[in-house]
Each structure stands twice: as structure tokens, then as C-alpha cells.
Number of protein chains: 2
Amino acid sequence: MAESILDSLRAGGKKLTKPRKAILAILEQSSLPITVAEIADQLKKARAAVDLVTVYRNVAMLQELKLVNPVGLHEGQMRYEVCHGREHHHHIQCRGCGQIVDLMLCPLKKLTELVERKTKFAIDGHVLEFFGWCPQCR
Amino acid sequence: MAESILDSLRAGGKKLTKPRKAILAILEQSSLPITVAEIADQLKKARAAVDLVTVYRNVAMLQELKLVNPVGLHEGQMRYEVCHGREHHHHIQCRGCGQIVDLMLCPLKKLTELVERKTKFAIDGHVLEFFGWCPQCR
DNA sequence: ATGATAAATGCAACTCACTTGCAACTTGGA
DNA sequence: TCCAAGTTGCAAGTGAGTTGCATTTATCAT
Ligand SMILES: [Mn+2]
Ligand SMILES: [Mn+2]
Ligand SMILES: [Zn+2]
Ligand SMILES: [Zn+2]
């Protein structure tokens with residue numbers, strides 16, 4: 001069976017503080033990538049307000065442990081989503097309303113090998129995001 | 001024959017000022033995407049110093065006219081490259097030295113159609129960038 | 001050529017995402 | 001229970017990018 005996020009944190013010598021658990025809970029509940037500011041807002045609504053800088057430090061740490069992934073959608077701020085225990089996938093975002101939809105697919109396995117052969121790079125990541133207009137904003 | 005960038009600017013009612021022409025010259029000479037700061041640096045070296053804000057305003061305008069494309073490589077700042085008259089393509093960047101290499105390919109035509117069918121979005125753009133380690137940094 | 005007008009520029013001040021320094025406060029293990 | 005390491009919050013800092021505004025410049029009609 002798979003190691004849980006809390007197990008990974010313990011394995012990484014991290015402490016399970018109250019703010020940290022609250023941040024993690026929000027990330028795990030979110031099915032789409034969210035911003036640091038949105039995490040802080042949700043914490044405030046849940047009367048568990050945590051300083052913004054603590055959210056920043058926690059998502060940075062979670063990235064280092066490869067438990068969350070950054071998703072850059074050219075909005076000025078980054079979004080983050082849990083990757084631990086979830087399928088690798090991509091997103092599409094509406095240029096009108098900003099809506100984000102998960103695309104549970106990745107066509108890049110074969111292409112990655114081709115690019116490695118061509119460039120001699122050792123590829124360890126890629127970003128693939130689509131942009132367009134959703135049915136409502138069309 | 002294709003319309004030149006200067007033609008597009010005139011068609012867009014833009015003036016051909018000295019700073020603007022200098023910025024355009026640097027963008028057109030650059031085969032890889034460059035940052036606003038790098039453009040300003042090159043201008044300074046060429047003794048044609050132009051205010052940073054003027055460079056920002058010009059790349060924004062060139063984006064609106066679809067003459068340059070933004071390339072977001074998660075470095076904190078955006079890069080821009082001329083797209084007018086050039087093939088659509090993607091990039092790979094080394095996580096060690098930051099080196100960027102053009103990948104003159106795009107595997108996304110068919111996938112775009114599939115995603116449009118699945119999501120009902122009208123897709124008008126995508127980003128695809130690879131990250132990894134170049135032979136020297138391996 | 002000249003002058004009118006609209007656009008573009010440069011400077012300074014500003015915003016916003018994100019980072020850093022540091023003292024005070026948890027956490028988890030001895 | 002005590003302690004050291006890790007974490008937190010606050011305040012201040014950084015750096016990319018934006019905005020307001022007075023001045024300058026390009027273009028075009030005369
Ligand atoms: Mn997702
Ligand atoms: Mn390129
Ligand atoms: Zn929409
Ligand atoms: Zn390298």
C-alpha cells in the first residue's frame with residue numbers, strides 16, 4: 001500500500017504542527033490547483049487563520065518532498081496541487097472566466113524519449129497547459 | 001509574400017520610434033526567448049539605452065499584435081520571442097545551467113482536437129516546455 | 001516646411017507575489 | 001519534564017511588472 005503524505009512528512013523529519021495540518025487538509029480537499037492566497041483565505045474562513053508566509057513555506061517544503069506540484073498558468077501567481085497518490089495529468093484554463101479543468105491524460109512519454117535522444121538532456125519534467133474559451137465564455 | 005513586422009505595426013497604427021525599432025531589432029536578432037531585462041541590457045551595451053518601462057510596454061504591445069510570444073519557464077520573469085514568420089515550436093531548459101534549446105516540433109495538433117471534443121473549450125493556445133539536465137550539468 | 005495631434009517615452013511611485021531575518025513558540029523524543 | 005530542532009508570525013526586503021503624468025516625438029494634413 002502507498003505511503004501517506006503524513007508518513008512522507010515524518011520520514012522527512014518534519015513536524016506535524018497545527019498550521020501545517022490545516023494547510024495540508026485544504027490542499028488534499030482541493031481537486032484543482034489553488035494559490036497560496038486561496039489557501040490562506042480558506043484557512044481564515046475555517047477560523048484557523050495561518051500567516052501567508054507560513055503557507056508559502058509549507059508549499060515550498062511540500063514541493064521539495066515532491067508531494068505537491070506547481071502549476072504555472074501565467075496568472076502572476078503560482079497554483080499548487082497534491083500530486084502524491086494522484087495521476088500525472090495536465091490542465092486547460094478558460095481565458096474568459098479563468099476556470100480550470102483537469103485533463104487526465106499525458107501524451108508525452110514517447111515524445112520525451114525522442115527529445116532526450118535529440119538533445120541529450122536527461123528530462124525530468126515538463127509543463128503542458130492548454131488555454132482557450134469555455135462554452136459559457138465563447 | 002509575408003507582411004513584415006514593421007508593416008504589422010503600421011497596420012496597427014503604431015509609430016516607429018527609435019526606442020521601438022531598437023527593441024524590435026534585438027528581439028529579431030535573438031534566436032531564443034529573452035527577458036525584458038536582457039533586452040534593456042543589450043540596448044545599454046549598444047549605447048541605445050531605453051527605459052525598462054518602455055521595453056515592458058513594447059513587449060506587451062507586440063504580444064497584443066501577436067508578433068511575439070511569452071515563454072514562461074518558471075524563473076520568476078517571463079521571456080519573449082518573435083513568433084511572426086517563425087515556426088511554432090517548444091523549448092527545453094536545463095535545471096542546472098538554465099540553458100534553453102529550441103525544439104522545432106509540436107505534437108499537439110491531434111491532442112488539441114481531442115481535448116476540444118472532450119471539454120467543449122475552443123482552444124487557442126498551449127504551453128509545452130521540458131525541463132531536465134543538459135549533458136554538461138548531468 | 002509647419003504645426004496640430006495622437007502616440008510614445010522616461011521618471012518616480014506604486015502594486016503584488018514572494019522571500020528573508022529574527023525572536024518567540026511548538027513539537028516530539030530523550 | 002526538559003531540550004533541541006523545527007516552525008511560526010511579524011516586519012522588512014526583493015524583484016518583476018504596472019500606473020500616473022509631464023515631456024518628447026512621429027506622423028500627417030495643411
Ligand atoms: Mn489537476
Ligand atoms: Mn524558441
Ligand atoms: Zn470561461
Ligand atoms: Zn545545463
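Every chain is numbered from 1 and lettered A, B, ... according to where its sequence line falls, protein lines coming before strand lines. Computed over heavy atoms, backbone and side chain alike; hydrogens, waters and symmetry mates excluded.
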Side chain B:K15 and base C:dA6 donor-acceptor under 3.5 Å: yes
Just to be sure I understand the rule, does A:V50 reach a base, reach only the sugar-phosphate, or reach nothing, if contact means heavy atoms closer than 4.0 Å? sugar-phosphate
In whole angstrom, give the distance that lies between atom CG of B:L16 and atom C1' of C:dA6. 15 Å
Under a 3.5 Å threshold, yes or no: a donor from one side chain and an acceptor from the other, between B:H84 and B:E28? no
Counting the benzene-type ring for Trp, do B:H88 and B:H126 have ring centres under 6.0 Å apart? yes
Answer yes or no: side-chain N or O of A:R57 and base N or O of C:dG21 forming a donor-acceptor pair under 3.5 Å. yes
Any B:V82 side-chain heavy atom under 4.5 Å of B:I5 side chain: yes
Taking the side chain of A:V53 as heavy atoms from C-beta outward, which of C:dG28, C:dT19, C:dA7 is closest to it? C:dT19
Separation of C:dG10 C1' from B:L43 CG (nearest whole Å): 14 Å
note: A:I39, atom CD1; C:dA17, atom P; distance rounded to Å ~ 14 Å
Among B:H91, B:E87, B:R86, which residue satisfies the side chain to side chain donor-acceptor pair (under 3.5 Å) criterion with B:H89? B:H91
Please report the distance, rounded to the nearest Å, between CG in B:L52 and P in C:dC14. 19 Å
The first and last nucleotides of DNA chain D lying within contact of chain A, meaning any atom under 4.0 Å from one of its heavy atoms, run from D:dA5 to D:dC10
Roughly what angle, to 10°, lies between the helix axis at the start of the helix from C:dA1-D:dT30 to C:dA30-D:dT1 and the one at its end, five pairs per end? 30°
Whole angstrom is fine here: how far is it from OH in A:Y56 over to P in C:dA17? 6 Å
For A:E75 and A:Q93, test the side chains for any donor-to-acceptor distance below 3.5 angstrom and give the result as yes or no. yes
Treating B:E38 as the side-chain partner and B:T35 as the backbone partner, does any N or O pair qualify as donor plus acceptor under 3.5 Å? yes
Any side-chain to backbone donor/acceptor pair from B:T119 onto B:V115? Under 3.5 Å, distance only. yes
Is the closest basic N to carboxylate O distance between A:R10 and A:D7 below 4.0 Å? yes
To the nearest angstrom, the CG-P distance between B:D51 and C:dA12 comes to 9 Å
Note: contacts of residues 64-79 of chain B with DNA chain D (heavy atom, under 4.0 Å) are B:G76, B:Q77, B:M78
I'd like to check A:L16 versus A:L6 (side-chain heavy atoms, cut-off strictly below 4.5 Å). Are they in contact? yes
Contact under 4.0 Å: B:R20 side-chain N or O vs C:dT9 OP1/OP2: yes
Give a yes or no on whether the backbone of B:M104 and the side-chain of B:D102 come within a donor-acceptor separation of less than 3.5 Å. no
Less than 4.5 Å apart, side chain to side chain, heavy atoms only: is that true for B:D124 and A:W133? yes
Roughly, in whole Å, what's the span from NZ in A:K18 to P in C:dT27? 7 Å
Heavy-atom nearest nucleotide on DNA chain D taken for A:P19 and for B:T17; more 5' hit belongs to A:P19
Donor-acceptor check, side chain of B:E81 to backbone of B:P70, threshold 3.5 angstrom: yes or no? no
